[in-house]
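Following: one structure in structure tokens, then a few remarks.
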Protein chains: 2
Amino acid sequence: METLEQVMETLNMETVLKAESGPCITHLLPIRDALDILSGKWKIPIIVALCVHKRRFKELHRDITGITAKMLSKELKELEVNKLVNRAVHATSPVTVEYSITEYGHSLWPVIRELRDWGLKHRDKIIYHPEEA
Amino acid sequence: METLEQVMETLNMETVLKAESGPCITHLLPIRDALDILSGKWKIPIIVALCVHKRRFKELHRDITGITAKMLSKELKELEVNKLVNRAVHATSPVTVEYSITEYGHSLWPVIRELRDWGLKHRDKIIYHPEEA
DNA sequence: CAGCATCCTCAGTGATACTG
DNA sequence: CAGTATCACTGAGGATGCTG
């Protein structure tokens, strides 16, 4: 089992931190990419909602408390660009659009699980045991 | 092995999305907590830098390209509150302050690894194979 | 229904200067 | 050295109304 230090060494820190390119592209940047795709106020709720089952725009708008149509539209577009979400237009009248999680979207699961697991432990540590160093 | 759908079901989505409290606290919120702690422009570079070895404020300021003293100070404070980073003041003259990763900080490793691994695969998929659905 | 256009605001960030 | 204070700016996100 590698330690955090060992892994960080593989990141070639001293080079990475100051590099404009090179090692940075294969090391720090991927972390940033993943973070950028998941962060923001609505990405996770949308992904979670679509993981349960496919939904239409209006349904998402209704099921995700507080989101505006503008943000929902924008976020879905980003998720679609990243191939995490599929957009299917049905030629009904009026048209309906169904959004669903892609197969590729499932690859996010290990990431989300780690985030959730760490977040749970962290909540416990900080909120319920704030006194411990 | 659980599927993403199965896990999402355990999140009790329909309840979670609309809940102000209750299930939300143990499910969506931890993900947001973790994300909040890691996201932003400087948290990861700081953590990575400190994982290689402890550093003083000035050293961090020098080693992390582009960060301002104000942001460095603010980010270190947040990391310290979350017990990921330790702040040690030495009564030299003038005083020096050493920042280091805590034992608890190491618990972030699985999270960072998953983010990096997914980010690497994603980079490959989106940038080098943009044509594939 | 599924969005887009417009306007707005305010918290996060940067630049610069200053302090114990 | 290790920060803080002040000001200015930007952009994520919200409110509202409109369209194909």
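Keep in mind that the numbers below use all heavy atoms, side chains included, and drop hydrogens, waters and symmetry copies. Here is the naming used below: chain letters follow the sequence lines, and residue numbers restart at 1 for every chain.
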Verdict with supporting geometry, B/Leu72 and B/Trp42, side-chain contact (heavy atoms from CB on, under 4.5 Å): CA-CA 8 Å; B/Leu72 182 54; B/Trp42 305 112; over 6 Å; no
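Scored by the side-chain contact (heavy atoms from CB on, under 4.5 Å) test, A/Lys70 finds A/Thr68 as partners (sequence neighbours excluded). Take A/Glu59 and apply the side chain to side chain donor-acceptor pair (under 3.5 Å) test, not counting sequence neighbours, and it matches no residue. Listed by chain and residue number, B/Pro110, B/Val111, B/Glu114 satisfy the side-chain contact (heavy atoms from CB on, under 4.5 Å) test with A/Glu114 (two or more places apart in sequence, or in another chain). With sequence neighbours excluded, no residue satisfies side chain to side chain donor-acceptor pair (under 3.5 Å) with B/Arg56. A/Ser93 is linked by a side-chain contact (heavy atoms from CB on, under 4.5 Å) to nothing, counting only residues two or more places apart in sequence or in another chain. Under the side chain to side chain donor-acceptor pair (under 3.5 Å) criterion, A/Asn82 pairs with B/His122, sequence neighbours left out. For A/Lys41, there are no side-chain contact (heavy atoms from CB on, under 4.5 Å) partners at least two apart in sequence or on another chain. For B/Glu98, the side chain to side chain donor-acceptor pair (under 3.5 Å) partners are B/His90, not counting sequence neighbours.
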Polar-atom pairs under 3.5 Å, protein N or O versus N or O of nucleotides 13-17 of chain D: list them with distances, or write none.
{"from": "D/dG14", "atom 1": "OP1", "to": "A/Lys41", "atom 2": "NZ", "distance (Å)": "2.6"}
{"from": "D/dG14", "atom 1": "OP2", "to": "A/Trp42", "atom 2": "NE1", "distance (Å)": "3.2"}
{"from": "D/dG14", "atom 1": "N7", "to": "A/Lys70", "atom 2": "NZ", "distance (Å)": "3.3"}
{"from": "D/dG14", "atom 1": "O6", "to": "A/Lys70", "atom 2": "NZ", "distance (Å)": "2.1"}

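In terms of position along DNA chain C, the nucleotide closest to A/Glu98 lies nearer the 5' end than the nucleotide closest to the other residue of the pair B/Val95 and A/Glu98.
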Side chains of residues 33-40 of chain A: which donor-acceptor partners sit under 3.5 Å, not counting sequence neighbours?
{"from": "A/Asp33", "atom 1": "OD1", "to": "B/Arg123", "atom 2": "NH2", "distance (Å)": "3.4"}
{"from": "A/Asp33", "atom 1": "OD2", "to": "B/Arg123", "atom 2": "NE", "distance (Å)": "2.2"}
{"from": "A/Asp33", "atom 1": "OD2", "to": "B/Arg123", "atom 2": "NH2", "distance (Å)": "3.1"}
{"from": "A/Ser39", "atom 1": "OG", "to": "A/Leu35", "atom 2": "O", "distance (Å)": "2.9"}

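Mapping heavy-atom proximity under 4.0 Å, the span of DNA chain C touched by chain B runs 5' to 3' from C/dT13 to C/dA15.
Five base pairs at each end of the helix from C/dC1-D/dG20 to C/dG20-D/dC1 define two local axes, and these are offset by 50° (rounded to 10°).
Per the geometry, CZ belonging to B/Arg87 stands 16 Å off P belonging to D/dC1, to the nearest Å. The CZ-P distance, from A/Phe57 to D/dT19, rounds to 18 Å in whole Å. Between the CD atom of B/Glu80 and the P atom of D/dA2 there is a distance of 14 Å, given to the nearest Å.
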